[in-house]
Number of protein chains: 2
Amino acid sequence: MEHKMISIADQVFERLEMDILSGVYERDEILTESRLSEQLGVSRTPIREAVRRLDQEHLVDLTSKGIRVVGISRQDIADISEIRLRLEGLAARWAAERATEEDIRTLREIVELQEFYTAKSDADSIKNQDSRFHQTIYALCGSNAMRDTLEPLHRKLLKYRRVSVSAKSRAQQSLAEHRAICEAIAAHDGAEAERLTIEHVKNARESILNRQVL
Amino acid sequence: MEHKMISIADQVFERLEMDILSGVYERDEILTESRLSEQLGVSRTPIREAVRRLDQEHLVDLTSKGIRVVGISRQDIADISEIRLRLEGLAARWAAERATEEDIRTLREIVELQEFYTAKSDADSIKNQDSRFHQTIYALCGSNAMRDTLEPLHRKLLKYRRVSVSAKSRAQQSLAEHRAICEAIAAHDGAEAERLTIEHVKNARESILNRQVL
DNA sequence: CCGGGTATAATTGTATACATTCATCCTGAC
DNA sequence: GTCAGGATGAATGTATACAATTATACCCGG
């Protein structure tokens, strides 16, 4: 396994994305490249690159006065869930149809790790495995378009709902749902994988919308 | 109407995107920032910005050897159509529910322009109005997430299928479908708008996949 | 003839200097 | 007092210089 180089720009992007989604910066706050540059201790170049990526995802809005923080609203979360409801099932179906033995091993390993961290109530690690689980499905469903579409949507939700997965009952339910989806994919049962995934997204949506205060 | 500043980086992005989608650069061709810089007569900075945006949409792949052209495949077109089939209808439904009189006037104006250019068989202008039509629906459907999801997908298809809209029969059919969708939205008939849009996407998919040689 | 290792060249990644645009504030005329 | 208009500052947009990484070609030894 080769370690892909993580540039400063990538790190700045992740940092800023997390800070925006987790509320370090509030909506409509104005940032500037220069201030971010000195705050983070890097030049404007990687800052600009990160900010442009945030702009492309509409997490910020670039104006002549500076970088306006946008973030995502409760309505955005509802909309994203609605979109996922219509796509994730198909992605899981495709994944079930195309998964190799290697892919299935990877998925099972992720679920096992998730089980481990769920037992330890390690919310951050649970979140990471959840992320890996879905991203793995996006990757092995064989469609670049599907991956490019779902990946950013899922990222936005996930980072936003650290609160959600901290609840033990939801964590356990999520684990059970992942396990079931994983086994449906392992059995190459596309229809079942699709059904289970839609159910999973529905539950995740309720869990997020109910708990989030905003 | 304020004209938004179009930076050099934006122009480079549009140029490169078009060149990639229309086949000026072939798949797996390696570009470099320096060469593009001198070819297009601007410094590396705006080139980099444009290339990063292309990378985020996976139209290119950044390697240590340079910028590898990826573009989109026939499979990508099929996948994108599949995704649009599941989302565009919902977007149209939302648009029908939320459209103001102003929005409806805008849509009708676009359809009229499309009719004008269809009569003149001006393929490029038809394509532009088609683009405006769908983007307007994405904008007035009231969901940032939906807009951000559908807009890039539609752009990729549209630029790729100039061939498709050159066929007079398809151009006329598309016009009729747009008009029907527009009237359903004007009547705030969400269900009908959704049904018509799904039909429209199906027809567009066939038109593209049948004609495209690749 | 083949393989490895080193030097070289070419590329991306980052920093900085400069240009340009835009908002803001002050000033002065009416 | 109010509004116009220009000066000023601060922000983004662009160009260029520099650093670091990586591919490649060449040479030498086997």
Side-chain angles (χ1 to χ4, degrees), chain A residues 1-20 24-71 144 148, chain B residues 1-20 24-71 144 148:
Chain A
M1 173 91 82
E2 288 295 325
H3 277 316
K4 178 155 190 176
M5 171 67 179
I6 298 180
S7 66
I8 294 181
D10 291 338
Q11 297 175 39
V12 171
F13 172 75
E14 296 214 357
R15 163 77 180 271
L16 290 180
E17 184 191 39
M18 194 185 66
D19 284 353
I20 290 173
V24 171
Y25 304 118
E26 55 187 299
R27 191 180 185 81
D28 284 336
E29 186 171 347
I30 299 289
L31 312 175
T32 67
E33 294 175 0
S34 336
R35 274 204 300 275
L36 289 174
S37 171
E38 63 182 31
Q39 281 168 19
L40 303 184
V42 298
S43 80
R44 267 182 62 209
T45 306
I47 300 282
R48 270 183 77 81
E49 183 175 325
V51 165
R52 295 317 171 95
R53 285 169 67 182
L54 294 170
D55 175 54
Q56 195 151 343
E57 297 191 353
H58 289 93
L59 287 176
V60 301
D61 183 33
L62 303 183
T63 75
S64 54
K65 279 196 296 220
I67 302 152
R68 194 178 121 259
V69 174
V70 173
N144 295 325
D148 294 347
Chain B
M1 174 93 79
E2 289 295 327
H3 276 315
K4 178 154 190 177
M5 169 67 180
I6 298 180
S7 65
I8 294 181
D10 291 338
Q11 296 174 39
V12 171
F13 172 76
E14 295 215 357
R15 163 77 181 271
L16 290 179
E17 184 191 38
M18 194 184 68
D19 284 353
I20 291 173
V24 171
Y25 304 118
E26 55 187 300
R27 192 179 185 81
D28 285 335
E29 185 171 349
I30 301 288
L31 311 175
T32 68
E33 294 174 0
S34 337
R35 275 204 301 275
L36 289 173
S37 172
E38 64 182 31
Q39 281 169 18
L40 302 185
V42 298
S43 80
R44 268 182 61 209
T45 306
I47 300 281
R48 271 183 76 82
E49 183 175 325
V51 165
R52 296 316 171 95
R53 285 168 67 181
L54 294 170
D55 175 53
Q56 195 151 345
E57 297 191 353
H58 289 95
L59 287 176
V60 301
D61 183 34
L62 303 183
T63 77
S64 54
K65 278 198 296 222
I67 302 152
R68 193 178 122 260
V69 174
V70 174
N144 295 325
D148 294 347

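So you know, we letter chains A, B, ... as the sequences are listed, proteins then strands, and number each from 1. Every value quoted in this text rests on a predicted model; they were computed, and no experiment measured them. Side-chain atoms are counted along with the backbone in the values below, which use heavy atoms only and exclude waters and symmetry mates.
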A:Arg68 side-chain N/O to A:Ile30 backbone N/O, donor-acceptor pair under 3.5 Å:
no
We want to know whether A:His58 and B:Asp148 form a side-chain donor-acceptor pair, criterion being a heavy-atom distance below 3.5 angstrom.
yes
With sugar-phosphate taken as primed atoms, P, OP1 and OP2 and all else as base, the protein-contact string of nucleotides 7-14 of chain C at under 4.0 Å (heavy atoms; B, S, -) is ----SBBB
In whole angstroms, the gap separating P of D:dA11 from CG of A:Leu36 amounts to 11 Å
Practice problem: Check the surroundings of atom CD in B:Gln39: do more than 12 heavy atoms from other residues, nucleotides or ligands lie under 6.0 Å from it? | Solution: yes
In this structure, CG of B:Leu59 is separated from CD1 of B:Ile67 (nearest 0.5 Å) by 12.5 Å
Separation of C:dT24 atom P from A:Ile30 atom CD1, nearest Å, is 10 Å
Hits for side chain to side chain donor-acceptor pair (under 3.5 Å) against B:Arg15, two or more places apart or cross-chain, chain-then-number order -> B:Asp19
A:Ile47 CD1 to C:dT16 C1', in whole Å, measures 14 Å
